[in-house]
Amino acid sequence: MFITESTKRNTVLSSFPDDLFAAIEDLKKELNAVILAHYYQEPDIQDIADYIGDSLGLSQQAAATDADVIVFAGVHFMAETAKILNPNKLVLLPDLDAGCSLADSCPPQEFAAFKAAHPNHLVVSYINCSAAIKAMSDIICTSSNSVKIVNQIPEDQGIIFAPDKNLGRYVSEQTGRDLVLWEGSCIVHETFSEKKIVQLKIEHPEAEIIAHPECEPQVLRHADYIGSTTALLKYCQQSQSEAFIVATEPGIIHQMEKNAPQKQFIPAPAMNNCACNECPHMRLNTLEKLYLAMKNRTPEITLSEEIRKAALKPIERMLQMS
Ligand code: 13P
Ligand code: SF4
């Protein structure tokens, strides 16, 4: 018999409850759990989540929750941030391998040397980094508050911005500040093809181009609007336009279509004919793994108390300054 991927998936599924959504709802009550999901998660996960948001919204929810268990449908650095804020809660990540190329582009030892080479600089780190990098930082920021945070720092203060060079360059342009940039980037936002986006705009002249600031400058310069995932979502709702070319991970289109079903959302294409605009890390989480994580209360995020305490300070500073 020819076994297709879907046959394999169904075979595995036969050991799962018939109604996975209902089973997850039951486990949520049993554990007093909250499910937090990023917009880049698959639609089923977004639909079962108690809260869907961008990195800032998710950390604010994690800071405020009174649930005993946080099920984090996102990537490792996001779940880790929830654990830093909630040391006594169980924080579950459906797939512990759901990492982030941007966070991985900033190894702690090399960053420590970079920091030492720029004494007297304040370190502002994008939340897409490991707890070890957060512990070496003065303030954390996300794509929705980075400009606001840098604008609050005295003008004569030197600033290191890590790890995303593209967001750093964008923040530098917006604030007029000379930032010392760490050369990190996101594999997903680097993959968009300027040529194909321009071609799409010719085919859909009525469409607005909207982009995440993690994109490269040659893509950002064509954008009618630049913002975090939440900001992009709000913009599509408020804009008079009926069509958008979306230069960020296409998982967010699920919420865009829910919020404005009459509008058209066209995912910006990658350079190669691949699905490289989908984040391979985010997509490791599935509804089945989320169910198993809740049922078995594993895999959980753990952290040394020393790193956690050091990483907490710059996150708290961000929450105060946002
Ligand atoms: P935001 O959700 O803060 O816009 O960031 C997007 C992202 O790259 C998450 O990995
Ligand atoms: Fe990391 Fe990029 Fe995936 Fe976001 S989209 S989790 S920055 S690899």
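Excluded from the calculations below are hydrogen atoms, water molecules and symmetry mates; all remaining heavy atoms, backbone and side chain alike, are included. One-based numbering, in listed order, for ligands and for the atoms of each. As the structure is a computational prediction, the values presented were derived from the model and not from experiment.
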Salt-bridge contact [X]-[Y] (side-chain N to carboxylate O under 4.0 Å):
X	Y	value
R177	E155	no
K83	E80	no
K289	D97	no

Which ligand 2 atoms does [X] reach within 4.0 Å, using its non-hydrogen atoms?
X	answer
H281	8 (S)
Y40	5 (S)
S101	8 (S)
C279	3 (Fe), 5 (S), 6 (S), 8 (S)
N128	7 (S)

Evaluate side chain to side chain donor-acceptor pair (under 3.5 Å) for S239 paired with E208, printing each intermediate quantity in order.
CA-CA 9 Å; S239 164; E208 283 190 87; 2.6 Å; yes

Please state which part of E249 comes within less than 4.0 Å of ligand 2, counting heavy atoms only: side chain, backbone, both or neither.
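Within the 4.0 Å criterion, E249 makes no contact with ligand 2.
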
Identify, for [atom], the protein heavy atom at the shortest distance, and state residue, atom and that distance.
atom	value
atom 2 (Fe) of ligand 2	C186 SG, 2.3 Å
atom 2 (O) of ligand 1	H38 NE2, 2.6 Å
atom 10 (O) of ligand 1	N128 ND2, 3.4 Å
atom 1 (Fe) of ligand 2	C100 SG, 2.4 Å

Go through ligand 1 atom by atom and flag the ones less than 4.0 Å from a non-hydrogen atom of [X].
X	answer
H212	1 (P), 4 (O), 5 (O), 6 (C)
M78	9 (C), 10 (O)
S228	4 (O)
E214	7 (C), 8 (O)
D54	1 (P), 2 (O), 3 (O)
Y126	5 (O)

Please determine, by modelled atom types, if [X] and [Y] share a side-chain donor-acceptor pair under 3.5 angstrom.
X	Y	value
S137	S125	yes
Q255	Q46	yes
T230	Y39	yes
T229	H212	no

Contact between S143 and ligand 1, counting heavy atoms under 4.0 Å?
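Per 4.0 Å heavy-atom rule, S143 contacts ligand 1.
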
Can Y39 be said to touch ligand 1, with heavy atoms closer than 4.0 Å?
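In this structure, Y39 fails to qualify as a contact of ligand 1 - no heavy atom is under 4.0 Å.
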
Below 4.0 Å, non-hydrogen atoms only: which portion of V188 touches ligand 1? Side chain, backbone, both or neither.
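No part of V188 is near ligand 1 at this cut-off.
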
Considering only heavy atoms, does E249 approach ligand 1 within less than 4.0 Å through its side chain, its backbone, both, or neither?
neither

Is it true that I127 and L179 fall in one hydrophobic cluster, defined by side-chain heavy atoms closer than 4.5 Å?
yes

Hey, any chance L20 and I45 share a hydrophobic cluster, counting ILVMFWY side chains that come within less than 4.5 Å of each other, even indirectly?
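L20 clusters together with I45.
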
Nearest heavy-atom neighbours spanning E190 and S185:
OE2-OG, 2.8 Å

Taking all non-hydrogen atoms of both residues into account, name the closest pair between M294 and L31 and its distance.
O-CD1, 3.5 Å

Proximity flag E214 to ligand 2, non-hydrogen atoms under 4.0 Å
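So E214 counts as touching ligand 2.
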
Rounded to the nearest 0.5 Å, how far apart are CG of L93 and CD1 of I70?
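It comes to 12.0 Å.
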
